[in-house]
Amino acid sequence: MKVKEIAEKLNLTVICGGNGLDNEVNGGYSSDLLSDVMGSAQAGNIWITLQTHKNVMAIASLKDLAAVILVKGFLPDADMEAQSNEENIPVLGTNDETFEVNGKLFNLLNGK
Amino acid sequence: MHFEFNVEGGNFSKAGTASSQLKKILKQLNVDPRIVKRVVVALYEAEVNIVAHAFSGTIYIDIDTEKIEIKLVDEGPGIPDIELAMQQGYSTASPEVREMGFGAGMGLPNMKNNTDRLLVTSEVGKGTTVEMTTYLNS
């Protein structure tokens, strides 16, 4: 499923990185510990987090992640936003908490 | 092929620059994507360790047809007990660094899991040297 479709179905705001909306998503990974994501997220995953600094995009890019979802209304720092646009990795926003986003995304990706 | 990168202690906005460059180089060299993924994870963690703990450092990368050798030499506080530092969950990172989601004590284990050979040597009050080797035909 494409990032665009997930953003539409889960009512997520596209904050930046709009050129990457056609990135293909094969699953999700939820963590606020950067080394955990570095060690365990898979290429093509959407990363759900509340971290808003530039290093999030460095990791998303190095791991070939499809997009990042920021929970609870958090917004990216300016340099995170710039790198998201540069790397074409969308940052999506929601007011939902991590637990809720996880559940919705899991169901959507598993056709429930 | 030889490459060198400087790393600035404390400057998180540049953390990952060398890893990103190496990823591009390895892709251009048509290195197996599975190997690229592992090397990039290991180098990123090592790079972040210099940013989080040291004053400055240099990364030396040598690539030949058999292996990728990475050596990171930093000037910093050093590691008093390397065995303890290698343990998952052990960290001496500052509260500020932890708040960013770093410093969970997963960096060195990630490096170990993603290289074929890891050697950490350190002198307290002087600095740390990390050597990582990845074989291309493993």
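Fair warning: this is a prediction, and the values are worked out from it, not measured in the lab.
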Verdict with reasoning, A:K63 to B:V41, per side chain to side chain contact (heavy atoms under 4.5 Å, CB included): CA-CA 8 Å; A:K63 296 290 287 184; B:V41 169; 3.7 Å; yes
Interatomic spacing from OG in A:S35 to CE in B:M111 - rounded to 0.5 Å: 10.0 Å
Residue A:F106 excluded, over 12 heavy atoms near CZ under 6.0 Å: no
Side chain proximity check, B:K37 to A:L62, heavy atoms < 4.5 angstrom: no
Check: B:M100 and A:T52 side chains under 4.5 Å, non-hydrogen atoms: no
A:D32 versus chain B, the contacting section by heavy-atom distance below 4.5 Å: backbone
Choice from A:M80, A:K54, A:M38 maximising heavy atom contacts with chain B below 4.5 Å: A:M38
Atom NZ of A:K2 with >12 non-hydrogen neighbours under 6.0 angstrom: yes
Linked, directly or transitively: B:Y90 and B:V130 (ILVMFWY side chains, under 4.5 Å): no
Residue pair B:A15 / A:A58: nearest heavy atoms and the distance that separates them: O-CB, 4.1 Å
Flag if over 12 foreign heavy atoms under 6.0 Å of CD, A:E24: yes
Within 6.0 Å of CD in A:E5, more than 12 heavy atoms from elsewhere: yes
Contact origin within A:D77 toward chain B - heavy atom pairs under 4.5 Å: neither
Nearest-0.5 Å distance, CG of residue B:N110 to OG of residue A:S40: 7.0 Å
Joint cluster assignment, B:L108 & B:V124, ILVMFWY side-chain distance < 4.5 Å: no
CG-NZ distance between A:D64 and B:K23, expressed to the nearest 0.5 angstrom: 3.5 Å
Transitive ILVMFWY side-chain link B:L118 to B:M106, under 4.5 Å: no
4.5 Å side-chain heavy-atom contact, A:L33 and B:F102: no
Interatomic spacing from CD in A:Q83 to OG in B:S20 - rounded to 0.5 Å: 7.5 Å
Linked, directly or transitively: B:Y60 and B:V120 (ILVMFWY side chains, under 4.5 Å): no
Linked, directly or transitively: B:L26 and B:F3 (ILVMFWY side chains, under 4.5 Å): yes
Part of B:F12 within contact of chain A (heavy atom distance under 4.5 Å): both
